[in-house]
Every structure is written in C-alpha cells, then in structure tokens.
There are 2 protein chains.
Amino acid sequence: MLGRDEVACCAPMVREPLGEEAAAELSRMFKALSDPIRLRLLSLIASYEGGEACVCDLIGPFEVSQPTISHHLKVLREAGLVGSERRGTWVYYWVLPEALAKLSALLQIPAVSAQAPA
Amino acid sequence: MLGRDEVACCAPMVREPLGEEAAAELSRMFKALSDPIRLRLLSLIASYEGGEACVCDLIGPFEVSQPTISHHLKVLREAGLVGSERRGTWVYYWVLPEALAKLSALLQIPAVSAQAPA
C-alpha cells in the first residue's frame, strides 16, 4: 500500500535498488537540476503568484543574458520539469508538480530507516 | 511551523525563491545524482540490509571497472550524500539520510499548491 507521500511511479530508492531504465530517466531529471541558475529559475517559476511566470519576469533576477535564460528554460522543459505556452508576445512557464513529486518521493527516507538506532 | 516532512534547513522551493548560495550548494548535490550509475549505487547502498554496503558488494551489479565505481563513490561522498569508513580490507558506505531528506523536502510540493484548481 502506498503511503500518503508516495507517488505510484517511484518508491523511495532506499527501499529497493533502482533499475537501469529508471536510473537513466531520473538521472536526466537530476541533470536538469544540477545547475544553480536552473534551480533558481525553477524555484522562481514555482513560487510565482498563480504558479506560472512570464519569461519576461524571469530575466531580471539573473545577471546573464536572455538567450542564456532561454537555454536553461529549454533544458528544464525537455527534462519534463516545467510546461510552457506562448500567449501573445510572451512565453509562460509553470512547474509540472508530478515531476517534482516523483523526485521528492524517490529521495524520501522512510521514517523507520531514518530513525533506526545506530 | 514546520510540517512533519520538512527539514528545518530547506523549505520547499515552491514556497519561496531559492537564494544564490543555497542554489549553488544544492546544484552540487543534484550533479552527483545526475549520473545513472551513481543513482543506482546510492540506491543499492541505501537499500542494503543494515543500511551499509561494502565496496566489494557494489562492483558486481555493474558492467564497469572497479576504479570507475570507486570514482563514482568518491563523487557521492564529496557531495555529502554518503559516508564511508575503512574496516580491514574493505571500505564500507552508507547513505547520509539528512542529505536525502534535505533534497526531498526541497522538491516537495505542498498539498495545497499541488492540488489547487486550475
């Protein structure tokens, strides 16, 4: 039976060894998170009022060029971490909560293992 | 007040934008997870009976050389994801649960945001 914080797709990696295929897919998602600007972009999008942000709001906070930000947003999108849509002049981005939940569940330490006496 | 699944160090990134320093530190941890062999190694160590594994148990499951496995274990150790200790001939590895819990909490989608109506 699944606990309340688990997603059907991914049991915690602490419970049983990851298979090759799952590891390949998950490592691509973690690779997208392995850059500090991408992490901050993802967090900025996720914490935006209403859960989505215009690309025009995402450039100001960073000291890098617009093409660099666009490249990082593309990496996040291709990794399945954000969705996007053009509306008029601007592209809007939002976080795909299932993707974050999947990674979070994978890294979760079941209470029993985490608190087992040494 | 912190919820039961949160670690004091890291609120979910969905709640507020990550700062530069936190993003730099976290991106190094995610980088260690961005390789499929390292993910499988971490999972294998974590799911080992007793929570720790001898390096001698970690080579068999992979079709790569022992030095390659040792390199990946070093990356996991330097990222603060596993601890290690030499005992006699072999080095033993275990997962550092606080590190996994920190990343898991960071990626957690608070129930309210995840289930908000569109």
Side-chain angles (χ1 to χ4, degrees), chain A residues 4-5 7 11-48 50-51 61-63 81 94-111 113-116 118, chain B residues 4-5 7 11-48 50-51 61-63 81 94-111 113-116 118:
Chain A
R4 79 166 185 85
D5 294 317
V7 175
M13 59 152 71
V14 167
R15 196 166 302 161
E16 54 176 319
L18 270 178
E20 271 185 66
E21 209 170 307
E25 187 205 334
L26 292 160
S27 67
R28 280 191 292 271
M29 297 173 84
F30 284 124
K31 188 156 194 156
L33 298 177
S34 72
D35 178 280
I37 291 186
R38 286 200 293 274
L39 266 185
R40 288 172 61 204
L41 270 173
L42 185 68
S43 171
L44 199 57
I45 295 168
S47 55
Y48 236 75
F62 298 95
E63 286 172 349
L81 293 166
W94 57 89
V95 164
L96 296 175
E98 321 81 57
L100 261 59
K102 181 174 177 170
L103 298 182
S104 178
L106 180 83
L107 296 169
Q108 202 165 46
I109 300 282
S113 327
Q115 289 158 18
Chain B
R4 78 169 185 87
D5 294 317
V7 176
M13 61 152 70
V14 167
R15 195 166 305 160
E16 54 176 317
L18 269 178
E20 271 185 65
E21 208 170 308
E25 188 205 334
L26 293 160
S27 67
R28 281 191 291 271
M29 297 172 86
F30 285 124
K31 188 154 195 159
L33 299 177
S34 71
D35 178 279
I37 291 186
R38 285 200 292 273
L39 267 185
R40 288 171 61 205
L41 269 174
L42 187 66
S43 171
L44 200 56
I45 294 168
S47 55
Y48 236 74
F62 299 96
E63 286 173 346
L81 293 166
W94 57 88
V95 164
L96 296 174
E98 322 80 57
L100 262 60
K102 182 174 177 169
L103 298 181
S104 178
L106 180 83
L107 296 169
Q108 202 165 46
I109 300 282
S113 329
Q115 289 159 17

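Each chain gets a letter, A, B and so on, in the order the sequences are listed, and its residues count up from 1.
- In terms of non-hydrogen atom pairs under 4.5 Å with chain B, the most contact-rich of A/Ala46, A/Ser104, A/Ala24 is A/Ser104.
- With respect to chain B, the highest number of heavy-atom pairs below 4.5 Å among A/Gly50, A/Pro17, A/Ala99, A/Pro61 belongs to A/Pro17.
- Both the backbone and the side chain of A/Glu20 come within contact range of chain B, each with at least one heavy atom under 4.5 Å from a heavy atom of that chain.
- Between the NZ atom in A/Lys102 and the CG atom in B/Leu107 there is a gap of 13.0 Å [rounded to 0.5 Å].
- To the nearest 0.5 Å, atoms CG (A/Leu26) and CG (B/Asp35) are separated by 12.5 Å.
- Screening B/Arg28, B/Met29, B/Lys31 for a side-chain contact (heavy atoms from CB on, under 4.5 Å) involving A/Ser34 leaves a single residue, B/Lys31.
- Among B/Leu41, B/Leu39, B/Leu42, the one residue that satisfies the side-chain contact (heavy atoms from CB on, under 4.5 Å) test with A/Leu18 is B/Leu39.
- We find the OG-CD distance between B/Ser47 and A/Glu16 to be 8.0 Å, quoted to the nearest 0.5 Å.
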